[in-house]
Structures are given as structure tokens and as C-alpha cells.
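Throughout, a chain's letter reflects where its sequence line sits, starting with A, and its residues are numbered from 1. Remember, it's a predicted structure, so these values are computed and weren't measured experimentally.
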There are 2 protein chains.
Amino acid sequence: MSVENLITYFHNYVPLNSKEKEDLRTRVIVKKIKRRQFILQEHDVCRHYSFVVSGCTKMYSIDKNGAEHNIQFAAENEWIMDIGSFHSERKSLLNIEAIEPSVILQIDKPTLIHLYQNHPKFCRIFRVIIENKFIELQNRLLQNISSNAEERYLSFLEQYPHLSNRLPNTQVASYLGITPEFLSVVRKNIAQK
Amino acid sequence: MSVENLITYFHNYVPLNSKEKEDLRTRVIVKKIKRRQFILQEHDVCRHYSFVVSGCTKMYSIDKNGAEHNIQFAAENEWIMDIGSFHSERKSLLNIEAIEPSVILQIDKPTLIHLYQNHPKFCRIFRVIIENKFIELQNRLLQNISSNAEERYLSFLEQYPHLSNRLPNTQVASYLGITPEFLSVVRKNIAQK
DNA sequence: GTCTACCCTTAAACTATCTTAAGCCTATTT
DNA sequence: AAATAGGCTTAAGATAGTTTAAGGGTAGAC
């Protein structure tokens with residue numbers, strides 16, 4: 001049962017009691033997602049926090065020229081959602097899509113509110129989760145304003161070895177904010193050193 | 001009394017009761033900061049969440065060539081801290097410095113823990129604060145991987161009019177991830193349209 | 001099994017951004 | 001009042017990154 005993966009994950013933050021586990025088991029939604037299937041589409045409201053049990057997903061925006069820009073990947077034990085749309089209940093400008101066949105767990109807003117109100121522990125857990133996501137994002141932004149493409153690529157390889165093996169380079173380029181052609185040049189330069 | 005500014009600020013999230021206000025009044029530290037004074041220096045641990053009552057501050061990193069890269073500004077009613085260093089208690093790689101003479105309020109870790117343990121409301125408040133900071137940062141990152149310097153500058157002007165008036169362009173350039181000279185060119189191009 | 005769509009690479013020409021250097025202006029320090 | 005440091009602009013030459021186009025490889029679709 002894949003909800004157990006989430007319970008184990010939460011346990012790494014704070015141990016859960018049986019009532020808390022029970023609430024998760026009865027309320028969390030399990031979904032099997034095919035490659036290229038959407039978890040969230042632009043113009044819809046993001047209704048769930050999604051936790052990836054297996055597989056890999058990406059969140060991206062499409063610009064006025066139709067180009068995709070990857071904001072985030074999420075593989076095993078990572079969260080993915082448009083948190084702005086989720087809380088405001090306004091239409092999202094982002095897409096979330098499976099890169100590999102995936103199993104995800106979803107928590108909708110009523111469930112999240114239920115968890116917060118009945119088990120204050122979850123407020124702490126999700127505060128820490130979002131703090132960690134914030135730190136990660138801030139580091140990435142700093143990289144983007146202070147480093148060139150080669151440095152950003154090397155740092156991506158170092159920080160996400162489990163992703164760089166699995167992802168096509170087109171996806172990595174979109175994440176780094178460069179074209180696939182230029183990533184190819186960057187890789188060639190690195191190889192020649 | 002400037003702690004009242006913070007109380008009013010929290011009130012906009014959730015009303016506080018008198019015990020909660022009292023705890024803030026007795027525990028929050030008030031500081032007057034001169035222009036160019038440091039609130040946090042690289043190699044120190046970030047020991048406080050800082051709330052700007054008046055004035056303006058910036059957080060930046062210094063790269064291997066000695067260049068500064070602005071990660072965040074914080075003016076009236078905004079928070080600034082190296083949240084990674086604060087929680088891990090590891091040495092920060094960042095600096096926080098006043099751009100204008102400022103008054104700030106500081107919450108240290110024992111106080112924050114006290115607030116979380118005695119008033120669960122604060123866990124919710126800070127979760128929402130950090131969620132909002134996360135959304136803002138994610139939008140900025142998206143801009144950085146998908147837009148050129150002119151688009152990023154225009155969007156900065158639109159989103160932070162209260163800052164763009166007060167900041168020297170060198171600081172804005174460092175925030176956008178471009179050189180001051182190139183920002184000058186960008187501004188000229190915009191003016192000529 | 002064949003086919004198609006996607007992925008990766010290369011190169012040439014183009015555009016965006018940086019570097020260096022200089023000059024001017026204004027606020028602050030002496 | 002003079003001196004200095006910081007901030008803004010301009011321009012020329014250098015480097016980083018994009019665009020377009022083409023060719024070859026490979027995995028999933030039929």
C-alpha cells in the first residue's frame with residue numbers, strides 16, 4: 001500500500017500516532033499516472049498537494065512562444081504542486097506532468113485543513129517541508145543570478161545525480177534556463193577538460 | 001513602540017489574544033541599524049528572524065570575484081533572514097545589511113520555539129508567511145529562466161514600485177542578475193520606445 | 001518489425017550580455 | 001572649500017547564449 005510510503009516519510013520528521021496514520025490511510029488519494037499524463041493543467045485550479053511515490057514529474061510554464069520552462073522536478077518522496085493556486089483557488093498558470101509512469105498520493109484542501117485542525121503536528125511538518133523547499137529554491141535562484149550555464153549545469157549534476165541520469169537533456173536545459181543546443185555545447189566543453 | 005507594528009502585522013493573518021501579544025512585547029528585540037550596518041555577516045550563524053519596521057535591507061552573497069548578488073530586499077513589514085543557517089545553526093554564506101537607516105525587530109530561536117509551543121497559532125502564521133515567500137521566489141525564478149533582462153526589469157518595476165524608487169540602480173542590477181552598465185543600456189532602450 | 005517522434009549533436013550566423021575604460025554628476029567626508 | 005567615493009551613462013571590443021538548419025541515433029507507437 002503506497003500510503004505507507006508517505007507515513008514513513010512523515011515519520012522522518014516526527015513520529016505519527018495511530019489516529020494520525022488512520023486519517024492518512026482513509027483520506028489520502030492514490031493515483032497511477034501514465035507517462036505524459038497531466039496532474040495539473042494550466043487554467044485549472046490546483047486542488048491537491050501531490051507526493052510522488054514512484055516515477056518522476058515536472059512542473060513548468062509555457063511562454064508566449066510556446067516554449068516550456070521547467071520550474072521543478074519531483075521524483076520519489078518529493079512534493080509537487082502549484083502552492084499559489086492551491087491556496088488562492090485561482091487558476092494556475094502552470095502544468096504538472098508525468099515524465100515517467102508514476103504513482104502519486106494526493107491530499108486535497110479539505111483533508112489538509114482536517115489534518116491541521118485535528119493534528120497540530122502536521123502544521124509543523126508542512127512548515128518544515130516548505131521551509132526546506134524554500135531554501136532549495138533560494139539556492140537555485142542565487143545560482144541563476146550569479147553563475148553561467150556551465151556552472152549551473154555542474155551544480156545540477158552534483159545536487160541531483162538521481163535526476164540527471166533519468167532525464168533527457170532537453171528537460172535539464174529547460175530547468176537551467178538555456179536551450180538544448182547550448183547545453184550540448186556546454187557538455188562538450190566539460191568533456192574536453 | 002515598534003513591536004506594535006509587528007502585532008498589527010500578525011493581526012492581518014489571525015487576531016492575537018492578550019497573552020500572545022504580551023509574549024511578543026517581552027521577547028521581541030528592537031534594534032536601530034545604521035546605513036551599511038550588518039545584521040548578518042558571512043561566516044556567522046543566522047540567529048534571528050528579522051522584521052523590518054522602517055528602512056530597507058538586503059541579503060546578498062559575495063562570489064569568488066568579490067561581486068555581490070542580491071537575493072532579497074526587505075523594506076517595511078517584510079521579513080529577512082537566512083532561514084537555512086537559522087534552522088541548521090550552520091555558518092551562513094550570506095550577508096544581510098541595511099541600505100537605509102532602519103528599525104528592525106528580531107526573534108531568536110528560543111523565542112520562536114516558545115511561540116510555537118505555547119501558541120499554535122504562530123505555527124500557522126509562519127507557515128503562511130513562508131508559503132507566500134515561496135510563491136514570490138518561485139515567480140522570480142521562473143522569470144529568470146524564461147525572460148531576458150528587459151522583461152525582468154520591467155516586471156521588477158511593476159511588482160516593487162516602492163523599492164525601485166528607493167534603490168540605486170546598482171542594487172537593482174545585482175538583484176536582476178545583470179551588470180549595472182547593462183541595466184543602463186536596458187533603461188535607455190525602454191526610454192526610447 | 002516498421003515507422004514516427006523525439007532526442008542529441010554540430011556548425012554558422014546572429015543577438016544578448018559582459019568587460020574595460022572613460023567622463024560626469026552628486027552626496028559625503030575631510 | 002576641496003577631496004573622495006559612489007552612482008549613472010556611453011561606447012568599443014569580447015564572450016555567452018540563441019537561432020536555424022541539418023544529420024544521425026533510439027525508443028515507443030502502431
**Asked** With respect to the side chain of B:F182, which nucleotide from D:dA11, C:dT17, D:dA16 is positioned closest?
**Response** C:dT17

**Prompt:** Going only through I, L, V, M, F, W and Y residues with side-chain contacts under 4.5 Å, is there a path from B:Y60 to B:L163?
**Reply:** no

**Prompt:** Reckon A:S184 touches a base, only the sugar-phosphate, or nothing at all at heavy-atom distances under 4.0 Å?
**Reply:** base

**Atom pair distance, as rounded to whole Å: CG in A:N189 and P in C:dT10** = 10 Å

**Message:** Just the rounded figure in Å: distance from C1' of D:dA27 to CZ of A:R166.
**Reply:** 17 Å

**Asked** Atom CD1 of A:I178 to atom P of D:dA16: distance rounded to whole Å?
**Response** 13 Å

**Request:** Run the numbers on B:K19 and B:E22 for salt bridge (Lys or Arg N to Asp or Glu O under 4.0 Å), then give the verdict.
**Result:** CA-CA 5 Å; B:K19 183 73 186 68; B:E22 200 41 42; over 6 Å; no

**Request:** Would you please indicate if the ring centroids of A:Y160 and A:F73 are separated by under 6.0 Å?
**Result:** no

**Among C:dC7, C:dA16, D:dC8, the one nearest A:P168 by side-chain distance** = C:dC7

**Request:** Starting at atom CZ of A:R36, determine the distance to atom C1' of C:dC6, rounded to an integer number of angstrom.
**Result:** 7 Å

**Item:** Short N-O contact, B:K91 and B:E42, less than 4.0 angstrom
**Value:** no

**Request:** Measure from the side-chain heavy atoms of B:N148 and tell me the nearest of C:dT17, C:dT9, D:dG17.
**Result:** C:dT17

**Asked** Taking the side chain of A:T170 as its heavy atoms from C-beta onward, which of C:dA21, C:dC7, D:dT19 lies nearest to it?
**Response** C:dC7

**Prompt:** Within this structure, what is the OH-to-C1' distance between A:Y153 and D:dA16, rounded to whole angstrom?
**Reply:** 18 Å

**B:I145 CD1 to D:dG17 C1', straight-line distance once rounded to whole Å** = 16 Å

**Request:** Examine D:dC8: is either OP1 or OP2 under 4.0 Å from a nitrogen or oxygen in the side chain of B:R187? Give yes or no.
**Result:** no

**Asked** C:dT10 C1' sits how many Å from A:Q192 CD, rounded?
**Response** 12 Å

**Fill in**
Between B:E181 and A:E150, the residue closer to the 5' end of DNA chain D by nearest nucleotide is B:E181

**Request:** Considering just the side-chain nitrogens and oxygens of B:T179, establish if one lies under 4.0 Å of OP1 or OP2 belonging to C:dC18.
**Result:** yes

**Asked** Between B:Y116 and A:R127, is there a cation-pi geometry (under 6.0 Å to ring centre, at most 45° from the normal)?
**Response** yes

**Request:** Give the rounded distance in Å between these two atoms: CG of B:L183 and P of C:dA16.
**Result:** 16 Å

**Request:** Return no unless some side-chain N or O of A:K34 is found under 4.0 Å from OP1 or OP2 of D:dG28.
**Result:** no

